[in-house]
Amino acid sequence: MAKQPPTLMDSIVSLCKRRGFIFQASEIYGGIGNTYDYGPLGVELLRRVKEAWWGAMVTERADVVGLDSAIIQNPKVWETSGHVGGFSDPMVDCKKCKGRFRADKLEDARCPEKPSKRPGECDGELTEPREFNLMFKTHVGALEGSASVAYLRPETAQGIFLNFKNVLESSRVKPPFGIAQIGKSFRNEITPGNFVFRTREFEQGEMEFFVPPDEDETWYKHWCQARFQWYIDYGIDPAKLRLREHDPKELAHYAKATSDVEYEYPFGWGELEGIANRTDFDLSRHSEATGENLVYFDPQTKEKYTPFVIEPAGGINRMALTFMIDAYEEQQLEKDTRVVLHFHPEIAPITAAIFPLVNKEGMPEKAQEVAATLRKARFSVFYDDKGAIGRRYRRQDEVGTPFCITIDGETLANDVVTVRHRDSMQQENVPIAELVPYLLEAKGNWKRP
Ligand code: GAP
């Protein structure tokens, strides 16, 4: 059979491993399904995504504060939230190969024994669908028994609802206001994940925005629009983004309305982030279950109400994957092809690479000085003095470094460096004394090519 050319996803997966973005977890033991580790560049990419999210959701706003709640909470939390009873997928088992598949996603599944066929279309008979809870169970304390069962959180949101009163009483906030959190969540996902699109542990960026009940629709529209725009501001192709309103039949039990920001992945349109109007469902349920008063009293208007909640909830790893897929290009040049990631400069794991033109004549020492200056100004810098300069450029293009700075004879004579721009490949001479403001301006002026 003729060898198939690699697909875009194959190229991304291979780049991730080759350049230290993402590795299969427990690889030397044969791996573990749907679980990945992030290498030196991957961890920087995740940090940039989280900084960009936190910047837009907390730092730049006067009406949102942050939180970091525990992963393991009192197990009753998950009974009240509906996760113990209802956070499940319908699953079917193949009686022949013993494979387990999501009954509502059989279209996307493959028979493990005959990958050209879907489960049920091979010789195996499928069982009736059964509900399979996605929460990971663990035990708290020294004794294992039903009394010690606890869960790894499947979403960060509940930790926010549990602290609504604490934040209200300690932080001088009043509705409309939000509490934002970034943290790991865990789901025992059974369906194949399309690399890091769907994994068993992942980071979420969630914000619960508490509003007077009669302002819910205005704020829902606000957050749908703001979250959609955030992706465009960070360079995602608007033609590959859409905001899709859920059909009433699709809505989660707690939601009055939900819209998903969707991206057109190589494997089809998929959810990148959801914005939900959760009404007063969560606060009311926790109040009923605990007897705690979670009603807000407005001292000015003397009104009492349980706030409604608008929730933008996104996956940090899914965002990082999306930035990568969207930025990836194999560009045909006159003599060769270059692989380039056109990351927004705020998302790129490395901001500037520093190259001495040759490894002698005082250039490495001068280049180290320039690197130290940029590091002090909080740029993420990579120093490289090995190989031909063209090869060094290509290595940086492939990981999305927006600026390469070369130190040559001109630098030694006149303190001027050459800055090469990743997207246009154009070069400019810049005095070292002006390098930091120059790079800051170039970062600020970046436009999607
Ligand atoms: N609190 C609401 C909530 O958790 P969700 O739609 O289940 O809503 C929010 O999750 C986001 O978290 C999704 O839009 C997605 O980006 C991310 N996410 C959910 N499950 C994931 C998984 N198994 N792997 C990676 N990301 C996931």
Side-chain angles (χ1 to χ4, degrees), residues 22 25 32-36 38 42 46 49-50 53 57 67 69 71 73 77-78 81-83 86-89 102 105 108 132-136 151-162 178-209 220 223-224 227-228 230-231 236 241-244 246 250-263 265 267 269-279 281-283 285 309-325:
I22 302 173
I32 171 162
N34 292 2
T35 310
Y36 294 88
Y38 286 73
L46 288 179
V49 173
K50 286 185 268 190
W53 188 89
M57 302 301 276
L67 181 80
S69 69
I71 285 172
Q73 300 280 357
V77 169
W78 307 109
S81 66
H83 285 85
F87 191 56
S88 52
D89 285 335
R102 254 177 80 168
K105 298 261 177 207
D108 307 333
F132 177 85
N133 197 293
L134 296 183
M135 278 197 298
F136 280 104
Y151 301 95
L152 302 189
R153 68 177 174 204
E155 62 171 16
T156 65
Q158 295 303 323
I160 298 180
F161 299 125
L162 301 179
I179 305 178
Q181 155 152 254
I182 293 179
K184 278 215 171 173
S185 292
F186 303 82
R187 297 182 188 177
N188 193 2
E189 301 278 6
I190 302 299
T191 28
N194 281 320
F195 195 34
V196 292
F197 180 81
R198 184 177 295 103
T199 51
R200 292 198 168 120
E201 58 175 273
F202 52 97
E203 274 183 294
Q204 288 187 305
E206 296 198 288
M207 198 271 287
E208 310 303 317
F209 200 73
Y220 172 69
W223 283 110
C224 285
R227 292 306 303 151
F228 190 79
W230 183 83
Y231 291 99
I236 300 279
L241 280 176
R242 70 182 183 195
L243 192 63
R244 190 183 65 80
H246 279 207
E250 260 182 280
L251 288 176
H253 60 284
Y254 52 73
K256 172 176 161 186
T258 300
S259 291
D260 287 343
V261 178
E262 292 189 338
Y263 182 79
Y265 294 95
F267 44 86
W269 286 95
E271 173 188 340
L272 183 46
E273 163 157 0
I275 301 101
N277 180 347
R278 293 182 77 123
T279 68
F281 177 86
D282 303 272
L283 290 181
R285 289 287 298 260
V309 170
I310 309 302
E311 175 197 70
I316 301 294
N317 314 74
R318 204 174 277 187
M319 292 177 198
L321 174 69
T322 311
F323 282 120
M324 205 162 204
I325 291 173

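All residue numbers refer to positions in the sequence shown, counting from 1. When a ligand or atom number is given, it counts from 1 through the structure's own listing order.
For Trp223 and Phe209, the ring centers are positioned less than 6.0 Å apart. In summary, the aromatic rings of Tyr36 and Phe195 are positioned with their centroids under 6.0 Å apart.
Every residue two or more places apart in sequence or in another chain that forms a ring-ring contact (aromatic ring centres under 6.0 Å, His included) with Phe197 is listed here: Tyr265, Phe267.
Residues lining ligand 1 at a heavy-atom distance below 4.0 Å are given as Glu155, Ala157, Arg187, Glu189, Phe197, Arg198, Thr199, Phe202, Gln204, Glu206, Glu271, Leu272, Glu273, Gly274, Arg278, Glu311, Ala313, Gly314, Gly315, Arg318, ordered by chain and residue number.
A salt bridge between Arg187 and Glu155 is absent, with no side-chain N of the basic residue lying under 4.0 Å from a carboxylate O of the acidic one. By the 4.0 Å N-to-carboxylate-O rule, Glu250 lies close enough to Arg244 to be salt-bridged with it.
Ring pair His83/Trp78 is perpendicular by interplanar angle, where above 60° counts as perpendicular and below 30° as parallel.
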